[in-house]
Amino acid sequence: MVKVTLKDGSVREYQAGISIGEIAEDISKGLARNALVGKLNNSVVDLAYKVEEDGALEILTFEDVEAKNAFRHTSSHILAQAVQRLFPGTKLGIGPAIADGFYYDFDSEHTFTPDDLAKIEKEMENIVKEDLPLERQEISREEAIKLFEDKGEKYKVELIQDLPEDTPITLYKQGDFVDLCAGPHVSSTGKIKAFKLLSLAGAYWRGSEKNKMLQRIYGTSFAKKAELDEYLFRIEEAKKRDHRKLGQELKLFAIMDEGPGFPFFFPKGMVIRNELENYWRELHRKWGYQEVKTPIILTRQLWERSGHWYHYKENMYTTVIDEEDFAIKPMNCPGAMLIYNSDLHSYRDFPIRMGELGLVHRHELSGALHGLMRVRSFTQDDAHIFMLPSQITSEVKGVIDLVDTIYRLFGFQYHVELSTKPEKAMGSDEMWEIATQALEQALKEKGMSYKINPGDGAFYGPKIDFHLRDSIGRTWQCGTIQLDFQLPEKFDLTYVGEDGQKHRPVMVHRTAFGSIERFIGILTEHYAGAFPTWLAPVQVKVLPITERHAPYAKKLADDLFKANVRVELDDRNEKIGYKIREAQLEKVPYMLVVGDKEMGNNTVAVRKRGQGDQGTVDYETFKKDLIQEIATKV
RNA sequence: GCUGGUGUAGCUCAGCGGCAGAGCAGCUGAUUCGUAAUCAGCAGGUCGCGGGUUCAAAUCCCGCCAUCAGCUCCA
């Protein structure tokens with residue numbers, strides 16, 4: 001007999017060798033129906049797994065992330081089976097579950113088209129109907145290699161050969177289809193009730209551009225049809241928030257064929273940008289920063305000295321002036337070094353916090369460009385902080401607080417990553433070690449949870465990155481804190497210490513928004529274009545009901561304009577419903593509808609974005625509240 | 001950069017070898033109206049760019065550019 005402890009603490013006894021599926025059956029019919037995999041002593045296993053010893057058991061359903069992954073992993077096997085049925089000779093790459101679904105990589109002479117996806121889905125439906133059980137089988141390395149060699153599955157053979165010696169090799173079999181797979185899987189193809197293939201894409205074998213590009217098919221699957229439909233609906237909704245679409249609809253910004261990766265800001269987008277910059281300046285003044293501006297084009301010698309010419313050249317635009325080589329700055333730091341060195345510094349001056357809204361240009365791969373999120377010219381809200389080594393932790397903590405202040409104002413969820421020394425790096429290992437420790441120390445003292453990104457640091461130092469999400473869940477690096485022991489050396493930065501001797505200061509590069517452009521992209525998606533009043537390009541629209549009310553409407557609009565409110569008057573000869581509809585589509589926060597009633601007693605009928613008609617209020621009261629709302633950035 | 005898709009009016013899209021189309025937006029006129037679209041008329045095009053095939057190309061073929069998805073990259 002074996003004793004099984006369930007999640008609720010109850011203990012049940014069974015014949016040794018009972019399967020987890022049978023235990024689920026014993027617990028309840030409903031659970032057995034929804035059970036996908038089991039979790040025995042913290043490892044996830046198939047329902048067919050036979051329990052031979054006492055242990056803690058959980059029966060997992062689609063609600064559990066491990067079960068969801070197994071479910072989608074099985075879905076990817078069904079996809080592979082369907083593809084091999086329809087396109088014999090197709091070789092298999094890998095086919096894992098991912099955050100919102102699954103994919104499988106194929107090497108096929110046939111190039112898959114979107115039309116093929118429908119055919120493949122049909123065949124997948126057949127496989128689901130066939131209700132094929134998935135059978136797990138453990139075999140020796142030699143047998144496995146022989147099996148896949150005979151099938152011509154060269155990628156699988158490569159995978160097996162690269163597995164550590166002591167790893168058991170398992171196969172999963174469903175009908176005539178066999179795949180190398182660690183599992184676990186759901187018990188039968190019939191469990192996959194709702195799935196959809198979503199897209200096609202190229203993907204390099206094992207993620208290296210040196211390898212062959214395979215064809216990847218993405219899909220998703222759910223336990224219930226309704227959940228799938230809801231997911232697809234959510235994706236459609238999220239696409240409506242895409243900043244590229246909203247940027248065009250709301251006339252905020254655009255990227256044109258004439259300037260790939262070089263964004264244009266229209267008057268309305270410029271309002272948002274200027275408001276953000278005003279806020280930035282106000283905040284940085286309070287936090288003890290000074291502001292500088294450094295040139296966009298600087299000599300080749302400078303970039304050679306900073307190391308960019310050797311480590312960053314493929315991303316830099318260059319030009320020739322009077323037969324001399326120049327480069328357009330991809331970063332602001334060398335300019336800041338020159339400013340630092342234009343004067344003598346005392347330890348008493350530290351920390352020196354030198355901010356710059358600096359326009360940088362970087363040559364990004366054409367395929368990497370993405371609206372405002374990934375561009376070739378952008379404005380970093382940069383700052384360089386010069387300090388004593390003893391000030392590192394407190395300065396880094398200060399920047400963490402500053403970034404958090406900004407993100408909290410917008411209600412962003414973010415996560416933090418610590419990136420360590422990359423392969424192509426300047427400086428010694430010890431330098432890197434000290435710098436990385438200093439950053440980690442600050443994170444620990446702030447009690448922040450963070451993810452470590454090995455080898456993802458900048459070439460000159462380790463960094464802390466702040467990542468924000470876009471409308472469809474992709475994350476983008478925005479704020480960053482980078483410790484740099486290289487540039488102070490290269491530019492021979494010094495300060496005079498207490499002892500009257502010259503010493504080397506420590507420097508941190510940091511951004512909060514990251515890039516103003518990217519930040520505006522994220523903001524646009526975050527608010528779905530309905531910006532808070534302080535950022536809204538147009539804050540109030542005054543809508544007279546007929547021409548008769550236009551003079552009163554104009555008086556209000558003029559008064560608001562004088563109070564620095566961004567106001568527009570819509571005195572076109574249109575019905576009120578039409579004007580409201582337009583203002584609503586423009587996502588203007590406040591509409592003031594004025595007719596005979598309002599004109600008589602100096603009131604306005606307020607319509608608030610998202611909340612509809614708020615009734616009639618005294619104009620002066622409205623104005624006072626509005627100005628208060630703008631000032632407090634709510 | 002790589003793989004695949006897409007590019008037609010300001011916007012959204014139809015047309016896919018035989019006269020360049022629709023809706024919205026724009027302009028003109030009428031309508032003077034109370035909370036998401038009043039009616040009528042007019043105008044609007046190097047069909048991404050270049051080459052080729054054809055009696056004839058938006059449509060087929062080749063090259064390039066841009067863009068979308070993913071991969072790679074991401075300071």
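Order of the sequence lines sets the chain letters (A, B, ...), proteins ahead of strands, with each chain counted from 1.
If you check B:rC24 for Watson-Crick or wobble pairing at under 3.5 angstrom, you find it paired to B:rG10. Within the shown strands, B:rC2 is the pairing partner of B:rG70 under the Watson-Crick or G-U definition, both distances less than 3.5 Å. Nucleotide B:rC39 has B:rG29 as its partner under the Watson-Crick or G-U criteria, with both atom distances under 3.5 Å. Checking B:rU59 for Watson-Crick or G-U wobble geometry (two distances, each under 3.5 Å) identifies no partner in any strand. When both pairing distances are held under 3.5 Å, B:rC16 makes no Watson-Crick or G-U pair with any nucleotide shown.
To the nearest angstrom, P of B:rC65 lies 21 Å from CE of A:M256. The nearest whole Å value for the distance from the CD atom in A:Q482 to the P atom in B:rC74 is 13 Å. The interatomic distance linking A:K245 (NZ) with B:rC68 (P) rounds to 14 Å, in whole Å. Rounded to a whole Å, the NZ atom of A:K239 is 19 Å from the P atom of B:rU67. Atom-to-atom, CG of A:D242 to C1' of B:rC68 comes out at 10 Å; the value is rounded to the nearest Å. We find that CD of A:E364 is positioned 17 Å from C1' of B:rU67, with the value rounded to whole Å. Rounded to an integer number of Å, the gap from A:K210 NZ to B:rC73 C1' is 12 Å. As a whole-Å value, the separation of A:D100 CG from B:rA69 P is 16 Å.
Contacts of A:H311 with the nucleic acid, taken as non-hydrogen atoms under 4.0 Å apart, are absent. Residue-level contact check: A:P330 touches neither bases nor backbone, having no heavy atom under 4.0 Å from any strand. When heavy atoms are screened at a 4.0 angstrom cut-off, A:Y460 is found touching the sugar-phosphate backbone but no base atom.
Judged purely by distance below 3.5 Å, without hydrogens or angles, the side chains of A:Y460 and A:Q482 pair a donor atom with an acceptor atom.
No hydrogens or angles were tested; on distance alone, a donor-acceptor pair under 3.5 Å links the side chain of A:R374 to the base of B:rC74.
Across the C1' atoms, B:rC47 and B:rC39 are found 33 Å apart, a figure rounded to whole Å. B:rC64 and B:rA37: their P atoms are spaced 50 Å apart (whole Å). Taking the P atoms as reference points, B:rG5 lies 24 Å from B:rC11, given to the whole Å. Taking the C1' atom of each, B:rG21 and B:rG44 are spaced 13 Å apart, rounded to whole Å. Nucleotides B:rA57 and B:rU53 are separated by 10 Å at their C1' atoms, to the nearest Å. Separation of the C1' atoms belonging to B:rC16 and B:rU72 is 35 Å when rounded to the nearest angstrom. Comparing the same atom, C1', in B:rC60 and in B:rG18 gives a spacing of 15 Å after rounding to whole Å. Separation of the P atoms belonging to B:rG41 and B:rG63 is 48 Å when rounded to the nearest angstrom.
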Interface polar pairs with nucleotides 1-11 of chain B, N/O, under 3.5 angstrom:
residue : atom : partner : partner atom : Å
B:rG1   : OP2  : A:S366  : OG           : 2.2
B:rG1   : N7   : A:G367  : N            : 3.3
B:rG1   : N2   : A:Y204  : OH           : 2.5
B:rC2   : O4'  : A:Y204  : OH           : 3.4
B:rU3   : O2   : A:G202  : N            : 3.3
B:rC11  : O3'  : A:Q248  : OE1          : 3.3

Reading 5' to 3' through nucleotides 29-42 of chain B, protein heavy-atom contacts under 4.0 Å coded B for base, S for sugar-phosphate only, - for none: --BBBBBBBB----

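Separating the CD1 atom in A:I400 from the CD1 atom in A:I481 is a distance of 4.5 Å, to the nearest 0.5 Å. Atoms CG and NZ, from A:D105 and A:K91 in turn, are 14.5 Å apart once rounded to the nearest 0.5 Å.
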Audit row: A:K541, A:K579, side chain to side chain contact (heavy atoms under 4.5 Å, CB included) steps and yes/no: CA-CA 9 Å; A:K541 262 192 148 180; A:K579 295 183 188 181; over 6 Å; no

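No salt bridge links A:D100 with A:R234; every basic N to acidic carboxylate O contact stays at or beyond 4.0 Å. Salt bridge annotation for A:E582-A:R572: present, with a cationic side-chain nitrogen under 4.0 angstrom from a carboxylate oxygen.
Between A:F531 and A:P537, the shortest heavy-atom distance links the atoms CD1-CD, 4.4 Å. Minimum heavy-atom separation, A:A97 to A:H73: CB-N, 4.0 Å.
Checked against ring pair (Phe, Tyr, Trp, His ring centres under 6.0 Å), A:F386 has the following partners two or more places apart in sequence or in another chain: A:Y340.
In terms of position along RNA chain B, the nucleotide closest to A:S199 lies nearer the 5' end than the nucleotide closest to the other residue of the pair A:Q477 and A:S199. When each of A:D456 and A:R244 is assigned the nucleotide of RNA chain B bearing its nearest heavy atom, the one mapping closer to the 5' terminus is A:R244.
Between A:V506 and A:P488, the closest side-chain pair of non-hydrogen atoms is not below 4.5 Å. Taking the side chain as every heavy atom from C-beta outward, A:F519 and A:L468 approach each other to under 4.5 Å.
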